[in-house]
S.K.: 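My questions will all concern the structure given below.
Nothing here was measured: the structure is a model prediction, and the numbers come from that model. Below, each value reflects all heavy atoms present in this structure, side chains not excepted, and no hydrogens, waters or symmetry copies.
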Amino acid sequence: MEAEAKKSNKSKILIVIAVIAVIAVAALAVYRILGKTKDIETKSLSTVSVGHPETGDISIDTSLIGTVSPGDVYYVVPKVSGEITDIFVSVGDEVEEGQDICTIDNQKAIDAAKISLDSAAVSLKNAQESAQLAKTNLDRMTALLATGDISRQSYESTKNSYDQASAGVQAAQLQLEGAQLQYDTQVEFATVTAPTAGTVESVNMSVNGLVSSASQVCVISSSGDNKIKFNVTDRLLDAFKTGNEITVTKQGSEYKAKVTSVSTLPSASTGLYPIEAAFVGDNAIPNGASVKLNFISEKAEGVMLMDTDDISYDGGKTYVYTISYDTEGLNDEATIIDENNKLGTVHKNEVETGLSNNEKTEIVSGITSDSLVIKSWTAQLYEGAKVQVLPEG
């Protein structure tokens, strides 16, 4: 009985061990199944879009500040010295060419010129009388020479006297004309007139005030179109040629202007090069106003271009990321690619750039027009990285 009991207990123990073993195997199988499922949890590659560089034109827009001024400014100075007796204009007056500005008392100069004129007239009269007498003598000597009553030498002497008298008349005539011109000039210069039609910008004279040929009595701006004056550095000088168009902005309004004058010599005071431009069409900008000028400072045509945002910088160098397609596919079953996308490898290309603005950048070297450039950013962009590429276009 005891032996049978021991045998029964042993059988029970074996059964329990077998059950435990089965449970352990089942648990291991479940663990392996669950563990395998976790290991092959799928994930997608980073997605990028690509495109080819384009060929086109690029320009760099630059802004400067200019000042609007009259088309032409005339600084009116008298041509004689004296005391101002009358003033006919005030600041802001519109004047016509030749209109009286002021009168100057230069009577002493006029009187002196009149004396010279009168003296020249007397000298001419005396010269003419002497010439007439010489002509009478010459006629008489000519008749005597024909009859042989005088020598040839006597005739030639009379002829020379006549020639000298005639030359004296011509000299006296010129002297009289010069004296007349001097007199007329002094009379004319006693009245200062406007050199052009325009606006009186300033007046620097007073009645009974003394002026000279070095005195500025007023400033007149011509009634023609006003212009813009500005200065540029030597770096920007080549961007300006006569006839180039610029855009003028003032208080939200835009106007067009064309370059009319480019100085090739810098200002001694600023070291900058003066440039002038004339408005094209009407404008409502007052003289003296500051305006913003926009112009193309640099331009390149028919060059390789990329979006500026698609260019990267690292360590002082410039890079463009490109894609090459992988035809063999992925060996990693845990990574998937979305339908219609392609597997690609990232390449980091150092490039040389040219002109650049906010939108486009010129690519000089480093890639070709056939390169597939990555046009979207992802943190997985590095040399050799695997990405999925959206369909082109």
S.K.: Is the positively charged end of K348 above the ring of Y321, judged by distance under 6.0 angstrom from the centroid and angle within 45° of the axis?
M.R.: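 No, K348 does not lie over the aromatic ring of Y321.
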S.K.: State whether a side-chain donor-acceptor pair under 3.5 Å links T158 with N137.
M.R.: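 Note: T158 and N137 side chains miss the donor-acceptor criterion.
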S.K.: Between the side chains of T103 and T191, is a donor N or O closer than 3.5 angstrom to an acceptor N or O?
M.R.: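 Distance-only check fails for T103 and T191.
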S.K.: We want to know whether N160 and E156 form a side-chain donor-acceptor pair, criterion being a heavy-atom distance below 3.5 angstrom.
M.R.: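 No pair is found: no donor N or O on one side chain lies under 3.5 Å from an acceptor on the other.
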S.K.: Identify whether V351 and V364 are in the same connected component of the hydrophobic contact network (ILVMFWY, side-chain heavy atoms under 4.5 Å).
M.R.: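 Different clusters.
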S.K.: Quick one: CD on Q128 to CD on Q173, what's the gap to the nearest 0.5 Å?
M.R.: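 Rounded to the nearest 0.5 Å, the CD-CD separation comes to 7.0 Å.
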S.K.: Could you label the plane-to-plane angle of the Y255 and F279 rings as parallel, tilted or perpendicular, counting under 30° as parallel and over 60° as perpendicular?
M.R.: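 Rings of Y255 and F279: perpendicular, over 60°.
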S.K.: Side chains of T85 and D105: any donor to acceptor distance under 3.5 Å?
M.R.: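 No, T85 and D105 have no side-chain donor paired with an acceptor closer than 3.5 Å.
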S.K.: Does atom CG of D149 have more than 12 heavy-atom neighbours from other groups under 6.0 Å away?
M.R.: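 Yes.
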S.K.: Does a donor on one side chain sit under 3.5 Å from an acceptor on the other, for E97 and T196?
M.R.: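 Side chains of E97 and T196: no pair found under 3.5 Å.
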S.K.: Flag the pair F240 / Y273 as yes when their ring centroid distance falls below 6.0 Å, and as no otherwise.
M.R.: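 No, they do not, as the ring centres are separated by 6.0 Å or more.
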S.K.: If hydrophobic clusters are built by linking Ile, Leu, Val, Met, Phe, Trp and Tyr wherever their side-chain heavy atoms come under 4.5 Å apart, do Y319 and M304 end up in the same one?
M.R.: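 As far as the 4.5 Å side-chain criterion goes, M304 and Y319 are not connected within one cluster.
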S.K.: Check for me, please, whether M306 and V389 land in the same ILVMFWY cluster - side-chain distances under 4.5 Å, paths through other members count.
M.R.: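 No, because M306 and V389 fall into different hydrophobic clusters, even though each may have its own neighbours under 4.5 Å.
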